[in-house]
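On a predicted model such as this, the values are computed, not experimentally measured, just so you know.
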Amino acid sequence: MAMIELKRGRLTVPDDLELPYIEGDGIGPDITRATLRVLDACVHKVYNGKKSVKWVKLDAGEESFAKLGTYMPAETIDAIKRYRVAIKGPLTTPVGKGIRSINVLMRQTFGLYANVRPVRFFPGLPSPLKSPENVDITVVRENTEDVYAGIEFEKGSDGAKEIIKMMREKFKIEIGNDAGIGIKVITESASKRIMKYAVSYALDHRKNRITIMHKGNIMKFTEGAFMNWCYDVAKKELGPAMVTEQELTEKYGGRVPAGKVLVNDRIADNMLQQIITRPEDYGIIVAPNLNGDYVSDAIAAEVGGLGVAPGGNIGDDYAVFEAVHGSAPKYANKNVANPTSMILAGAMMFAHLGWKEAHDEIYNAVEKTMKEGSLTQDLARVLGTKALGTAEFADAVVKNI
């Protein structure tokens with residue numbers, strides 16, 4: 001077995017591959033076991049022995065804390081650096097306890113600046129929309145800064161007091177002494193980097209619409225600047241292939257012509273409305289960290305929920321693919337959780353490795369399984385149908401590969 005190498009900015013992927021995984025907390029072990037079975041079956045079927053994967057388990061999360069006294073061991077960080085690509089189940093971050101998010105730590109440690117969440121409708125899924133088949137949207141979310149950078153000072157702390165004092169004395173801005181302080185950072189370099197990734201993704205996946213989501217009407221020098229920097233990149237990268245919204249209306253009758261890419265923008269609150277009322281108008285949404293988190297979850301709700309929405313955290317050197325939902329500890333070890341998010345994240349991982357045939361096979365098998373009405377309890381209860389367990393759903397997907 002061999003590991004991935006990076007040569008001249010490109011991944012060199014051996015046919016006999018070692019890949020690490022993190023089970024995660026709560027339902028993580030259940031959905032991880034189901035996912036690895038599906039991925040193994042897919043590789044065996046598609047490549048018939050010409051390619052293979054050996055899975056390497058890494059420690060992280062609550063199990064790691066109980067065993068090693070840390071939620072993210074240095075050994076796990078070092079292993080991901082060696083392997084370059086990994087897949088993970090959901091990891092718990094206790095709310096309001098001062099423990100840093102492991103997900104945020106990983107994104108910043110490995111420079112995983114692009115959080116990519118493709119969301120599409122599978123026939124057979126419950127949806128609140130009249131025409132959910134119109135939902136086929138990929139959110140490309142900046143992943144390293146904004147308020148998610150975790151620059152915060154607790155109420156009454158020395159840091160909070162110092163910032164409040166500075167704001168009063170230097171900028172004449174009054175802030176209450178009982179305030180917790182958070183700092184929102186959006187840089188030109190990170191904004192341009194994520195837009196360049198979004199443009200490249202659009203061209204690679206033949207998407208002809210990119211929408212910049214922002215709240216620049218209020219936060220002019222952070223999210224407003226994000227919008228401007230994204231437009232700058234689009235003009236540079238696309239050149240004459242770029243179409244503005246005004247040109248779309250005035251020159252092209254509202255239809256994006258072949259070979260062109262529409263680049264427009266939407267205020268965040270309006271964007272959250274329009275993904276419900278007009279999802280067919282959107283292909284790729286590029287957004288700062290917080291907005292991207294909100295909108296990707298909202299779109300997932302239109303097609304069955306987070307249980308069917310995969311995610312990838314991707315940088316220039318490393319990538320970690322994941323189930324995007326939480327760890328749902330009350331369902332742990334009950335064989336009821338939906339593994340689809342992590343299964344599809346595995347498909348994304350295969351595509352990232354250049355194994356597109358495996359990616360397509362998994363998506364086709366999941367679609368066929370759902371068309372047959374084979375669903376886990378989170379979806380079956382909405383439709384009033386019999387639910388499959390986690391393992392049984394994986395069996396159904398494997399059967400359809």
Side-chain angles (χ1 to χ4, degrees), residues 4 6 10-11 13 17 19-22 24 28 31-32 35-36 38-39 42 53 55 58 60 80-81 83-91 101-120 136-144 148 190 193-205 207 210 283-289 292-293 295-297 299-300 303 306-326 339-356 358-360 362-363 366:
I4 298 163
L6 187 68
R10 291 183 175 273
L11 295 180
V13 181
L17 179 62
L19 284 174
Y21 70 94
I22 294 171
I31 67 170
T32 299
T35 294
L36 297 187
V38 171
L39 301 187
C42 177
V53 179
W55 301 103
L58 304 181
I80 294 174
K81 287 180 178 178
Y83 286 105
R84 296 194 176 275
V85 175
I87 187 168
K88 59 176 281 294
L91 292 167
S101 165
I102 303 172
N103 294 323
V104 172
L105 172 65
M106 292 176 71
R107 292 165 189 172
Q108 294 176 347
T109 299
F110 300 115
L112 308 176
Y113 60 85
N115 180 243
V116 183
R117 295 190 180 183
V119 185
R120 53 165 283 195
D136 186 1
I137 302 171
T138 298
V139 177
V140 177
R141 165 190 170 200
E142 203 292 316
N143 216 15
T144 63
Y148 277 44
R193 181 175 62 180
I194 195 64
M195 186 60 176
K196 187 173 181 179
Y197 184 94
V199 170
S200 177
Y201 187 96
L203 297 175
D204 288 346
H205 292 79
K207 297 275 190 177
I210 303 174
I284 292 176
I285 298 172
V286 59
N289 210 333
D293 199 4
V295 75
S296 57
D297 283 17
I299 299 169
V303 297
L306 290 177
V308 298
N313 301 288
I314 301 168
D316 293 332
D317 300 326
Y318 307 100
V320 177
F321 297 86
E322 63 181 354
V324 302
H325 50 70
T340 304
S341 175
M342 195 169 179
I343 290 171
L344 296 181
M348 289 180 68
M349 179 177 66
F350 284 153
H352 181 74
L353 297 173
W355 295 10
K356 189 175 183 303
H359 167 278
D360 293 347
I362 290 170
Y363 263 82
V366 168

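- Summarising the geometry of Gly24 relative to Leu91, their closest heavy-atom pair is CA-CD2, 3.7 Å, with the distance given to 0.1 Å.
- You'll find the side chain of Val139 stays beyond 4.5 Å of the side chain of Val116, heavy atoms only.
- The two residues Ala345 and Gly311 come nearest to each other via the heavy atoms CB-O, 4.0 Å.
- Contact detail for Pro90 and Ile31: the closest heavy-atom pair is CD-CD1, 3.8 Å.
- Residues Ile299 and Val303 are not in side-chain contact: their nearest non-hydrogen atoms beyond the backbone lie 4.5 Å or more apart.
- Within the model, atoms CG of Leu353 and CG of Leu17 stand 6.0 Å from one another, a figure rounded to the nearest 0.5 Å.
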Dump the intermediate steps for side-chain contact (heavy atoms from CB on, under 4.5 Å) on Met106 and Ile22, then the final yes or no.
CA-CA 12 Å; Met106 292 176 71; Ile22 294 171; 4.3 Å; yes

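- Heavy atoms only, all atoms of each residue included: Pro20 and Val85 are closest at CD-O, 3.0 Å.
- Rounded to the nearest 0.5 Å, atoms CG (Leu58) and CG (Leu19) are 10.5 Å apart.
- Here Arg84 contributes atom CZ and Leu11 contributes atom CG; the two are 7.5 Å apart, rounded to the nearest 0.5 Å.
- The pair Lys207-Asp136 counts as a salt bridge, with a side-chain nitrogen and a carboxylate oxygen less than 4.0 angstrom apart.
- Within the 3.5 Å criterion, the main-chain N or O of Val308 finds no donor-acceptor partner in the side chain of Ser341.
- When every heavy atom of Ile80 is checked against every heavy atom of Ala86, the shortest pair comes out as CG1-CB, 4.4 Å.
- Residues passing the side chain to side chain contact (heavy atoms under 4.5 Å, CB included) test with Thr32 are Tyr21, Glu23, Leu36, Met342, sequence neighbours excluded.
- Contact annotation: the side chain of Glu322 never approaches that of Ile87 to less than 4.5 Å [non-hydrogen atoms, C-beta and beyond].
- Panel note: side chain Arg141, backbone Asn289; a donor-acceptor pair is recorded below 3.5 Å.
- For the atom pair SG of Cys42 and OH of Tyr363, the computed distance is 12.5 Å after rounding to the nearest 0.5 Å.
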Could you please spell out the steps behind the side chain to side chain donor-acceptor pair (under 3.5 Å) verdict for Tyr318 and Asn313?
CA-CA 8 Å; Tyr318 307 100; Asn313 301 288; over 6 Å; no

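- The pair Lys81-Asp317 does not meet the salt-bridge criterion, since no charged nitrogen lies less than 4.0 angstrom from a carboxylate oxygen.
- Ring-plane geometry between Tyr197 and Tyr113 is classed as perpendicular, the angle between the planes exceeding 60 degrees on a 0 to 90 degree scale with a lower cut at 30.
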Show your working on salt bridge (charged side-chain N to carboxylate O under 4.0 Å, His left out) between Lys196 and Glu142 and close with a plain yes or no.
CA-CA 11 Å; Lys196 187 173 181 179; Glu142 203 292 316; over 6 Å; no

Test Thr138 against Val119 for side-chain contact (heavy atoms from CB on, under 4.5 Å), laying out the working first.
CA-CA 6 Å; Thr138 298; Val119 185; over 6 Å; no

Leu39 vs Trp55, side-chain contact (heavy atoms from CB on, under 4.5 Å): CA-CA, chis, key distance, verdict
CA-CA 11 Å; Leu39 301 187; Trp55 301 103; 3.7 Å; yes

Ile285/Val140 under side-chain contact (heavy atoms from CB on, under 4.5 Å): CA gap, chis, key distance, verdict:
CA-CA 6 Å; Ile285 298 172; Val140 177; over 6 Å; no

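- Between Arg117 and Asp297, some side-chain heavy-atom pair lies under the 4.5 Å cut-off.
- Asn143 places a side-chain N or O within 3.5 Å of a backbone atom of Leu112 that can act as its donor or acceptor partner.
- Separation of atoms CD1 (Ile210) and OH (Tyr201) is listed at 11.5 Å; rounding is to 0.5 Å.
- The two residues Met349 and Phe321 come nearest to each other via the heavy atoms CB-CD1, 3.6 Å.
- The distance from atom CE of Met348 to atom CG of Leu344, rounded to the nearest 0.5 Å, is 9.5 Å.
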